[in-house]
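Worksheet: one structure, shown below.
Whatever order the structure lists ligands and atoms in, that order sets their numbers, starting from 1. The first residue in the sequence is number 1, and the count goes up from there. The analysis underlying the following values was restricted to heavy atoms, covering all of them including side chains, and did not include hydrogens, waters or symmetry mates.
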Amino acid sequence: MSTEQKTAETEGAAPQSHAFQAEVARLLHLMVHSVYSNKDIFLRELVSNAADACERLRHAALTDPDLTRDNPDFAIRLSADKAAGRLVVSDNGIGMTREEMIENLGTIARSGTRAFMDKLGEARDGSALIGQFGVGFYSAFMVADRVEVTSRAAGAQDGWRWRSDGLGSFTVEPVAADDPDLPVRGTQVVLHLKEDAAEYAQAGTIERIVRAYSAHVPVPILLAEATPEGDAAEGGDEPKERQLADGSALWTRPKSEIGEDEYREFYGHVSGQFDAPALTLHYRAEGRHEYSVLLFLPSMKPFDLFDPDRKGRVKLYVRRVFIADDVELLPAWLRFVRGIIDSADLPLNLSREMLQHNPVLESIRKGVTNRVLSELQKLSENDAEAYGKLWETFGPVLKEGLYEDFERREKLLGLARFRSDRSGDNGWRSLADYVADMRENQTQIFYATGSGLDAIKASPHLEGFRARGVEVLYLSDPVDAFWVQVAQGFDGKPFQSVTQGAAALDGIPLKTGEASEKPGGEAEGEGADIGLVAAFLKETLGERVSDVRVSARLAESPVCLVAPENGPDRQLEKLMSRQQGAGGGAFAPVLEFNPSHTLLKRLSGALSGPGDRQHLADTALLLFDQALILDGEVPADPVAFARRLSAVMDKGF
Ligand code: ADP
Ligand code: MG
């Protein structure tokens, strides 16, 4: 082993040693030391890779038939040698060149992997995560202490062998043309099983795993059975092969004949995830265009859900031949959908450019998108609980559609669900629910944006709404600040931020039984001298605010900040000014105060007497900073804030 690991002086027959990329080394450490009980999944990963390799070659051969002329039938072959503790997975797919081996089996290029590694870093025991997400080729090191990959790329003469013990480095060396392990084309993966993984060299175990996880990969799977000793006469020299999977495309079979477990297993293959699909869509479209659809909505968030590239992974097939998995078959706000679309109309030899702007694909995209939405609609009507779960997982992504997809905004608004002061912690409210429960004289749909539910709920802005029994939707996802700007409203009722402009609460009566707890707006006369207080606050706060006024929003808190009449919602303003760098946004907020709050009443009293002006100014500035803090911001000058706070506390003793 140690001689293999040394860097060869010359590039020739001697193996060359390479270090794994740092992320791979971390992942491998986890695999090698995995205590994860379901190690079976490694086989699914290897079989999936073999199937992918066959499908990629099948596609490449469309334009270069020579690639498969000698060996046109694709197959994945498994063979096990119990005595030697070996398991071999081979395919006659596209294979790998030397460079591809180094790149693909030494680094991680998959998007979402970074997120995965971050999660691993957070988790105390990473092994549970292995079971939730496909971790690819490297999972072989859960069961093997040495892995050899021998490959010959389709169309190439030379073959290469990759070897590693999964401990930090791997070697790559050329393979002699007469090496019995060198495939004519494709890849052979040899696992030298760990002692405690010897069961994976048993035909029965292999068969069980393949049936559970890989029965519907679109390439046949054959298992070579060792001829029982003393039975050589019947078996001859050829090892007997048994077919474990026929490689037929699941989506071509009628829906009525497919069991839930079969769908689930196929979902595992196309998604690389290990959860059960939350929703399965299987249908055939016949009309202007003919195509089959087998799509799944996962029940768990894929890793790459919030990757900036927002790429989907639905696979495009043309008459059962895999074409690509990076074509935009669905809008970005449905990027979590997994599965396949198989077109009967497209030509097989589509170029990349043709795939980009293809009218058939456009039409498929439109049809399938609408179908996904109508299935979601159905689920929301028939199983509110399942729909709520789905919304919880993917709502933040679906809401991107509210912003981007003008045509489907109405439909998406109907599907959207919200938390509010009426939903309870785990329930959901639809906009239809909201509108049905509006108070008399209420004309708008009120919402509060913020970076978390707790912060929103605690916001003083909501007090006046609560006192009137007016429902406020809590919008805590980053995307919320954006779509509410462009959505016109729902059912003729416009959306209105509780932090924007003067609150339109006029004419909405207080809830009965709470009339004694008058919110500030109604408290003129008995509270602070409004004119005096407003003028003082305005003068003291200067450019920090664009106006100071009495609030209808407040019931218990002394002050709050709201957006000026024509300015953006406070949350959006914050996002925008963050993007433009420090220094605050262009729209100074309005300070609203509650004249029936004791603090304001005492301020008012002090102002009309000979009070200590410095102390009063400190109080005004502290009130302002306090409102900022409640909005999740930091006082612009923390040093001055601390000094004022100390001064005011000092006075109190
Ligand atoms: P993924 O399959 O998600 O890309 P893997 O870790 O399973 O990630 O595999 C990494 C890469 O190694 C694959 O993308 C592929 O390029 C290459 N690879 C793995 N197995 C094979 C194989 N049997 N034939 C050809 N290439 C393979
Ligand atoms: Mg893989």
Using atom types as modelled and distance alone, determine if a side-chain donor or acceptor of Arg211 lies under 3.5 Å from a backbone N or O of Leu244.
yes
Determine yes or no for a side-chain-to-main-chain donor-acceptor pair under 3.5 angstrom, with Asp275 supplying the side chain and Ser299 the backbone.
yes
Is it the case that Arg44 places NZ or CZ above or below the six-membered ring of Phe274, under 6.0 angstrom from the centre and within 45 degrees of the axis?
yes
Under 6.0 Å from the ring centre and within 45 degrees of the ring axis: does the NZ or CZ of Lys315 meet both conditions for the six-membered ring of Phe322?
yes
Is there at least one pair of N or O atoms, one from [X] and one from ligand 1, spaced under 3.5 Å apart?
X	result
Phe137	yes
Tyr138	no
Asp91	yes

Close-contact set for ligand 1 against Gly136 heavy atoms, below 4.0 Å
5 (P), 6 (O), 7 (O)
Phe141 ring center near Phe42 ring center (under 6.0 Å)
no
Val149, portion touching ligand 1 at heavy-atom distance under 4.0 Å
neither
Between Leu105 and ligand 1, find which residue part has any heavy-atom pair under 4.0 Å and reply side chain, backbone, both or neither.
side chain
Out of [options], whose heavy atom is nearest to [atom]?
atom	options	result
atom 15 (C) of ligand 1	Asn104, Thr107, Thr187	Asn104
atom 25 (C) of ligand 1	Gly186, Ala53, Ala51	Ala53
atom 2 (O) of ligand 1	Val47, Ile76, Asn49	Asn49

For ligand 1, is Glu45 a contact, meaning one of its heavy atoms is under 4.0 Å away?
no
Between Arg335 and Glu400, does any NZ, NE, NH1 or NH2 come within less than 4.0 Å of an OD or OE carboxylate oxygen?
yes
Is Lys311 salt-bridged to Glu328, cutoff N-O under 4.0 Å?
no
The Mg ion (ligand 2) to nearest N/O/S of Asn49 below 2.8 Å:
yes
Please name all residues satisfying side-chain hydrogen bond (donor to acceptor under 3.5 Å, both in side chains) with Arg371, sequence neighbours left out, ordered by chain then number.
Glu375
